[in-house]
Amino acid sequence: MEDEKWLLDQLATLTKTATVYQDRAFYAALAEMVKQQQQRLEQAQGELDGRLWQPANW
């Protein structure tokens with residue numbers, strides 16, 4: 001989470017300081033991808049935790 005926050009902060013700074021529209025759009029899209037990737041990791045961790053707690057005879 002700390003790495004994600006640092007990366008999002010860096011991307012926000014880059015987005016604000018970029019002078020070319022394409023660069024701003026790239027950094028904004030990259031930040032969105034990072035957020036989605038973090039969500040997928042959390043969901044996968046939850047699924048793994050759930051599968052580990054299921055009884056063996058299910």
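Every value quoted in this text rests on a predicted model; they were computed, and no experiment measured them.
- A 4.5 Å side-chain heavy-atom check between R40 and Q37 finds at least one atom pair inside the cut-off.
- E4 approaches Q38 most closely through the heavy-atom pair OE1-CG, 3.1 Å.
- Side-chain heavy-atom separations under 4.5 angstrom define the hydrophobic clusters, and the remaining members of the one that includes F26 are W6, L7, L8, L11, L14, Y27, L30, M33, V34.
- Applying the salt bridge (Lys or Arg N to Asp or Glu O under 4.0 Å) test to pairs two or more places apart or on separate chains, those with a residue in residues 5-31 are K5-D9.
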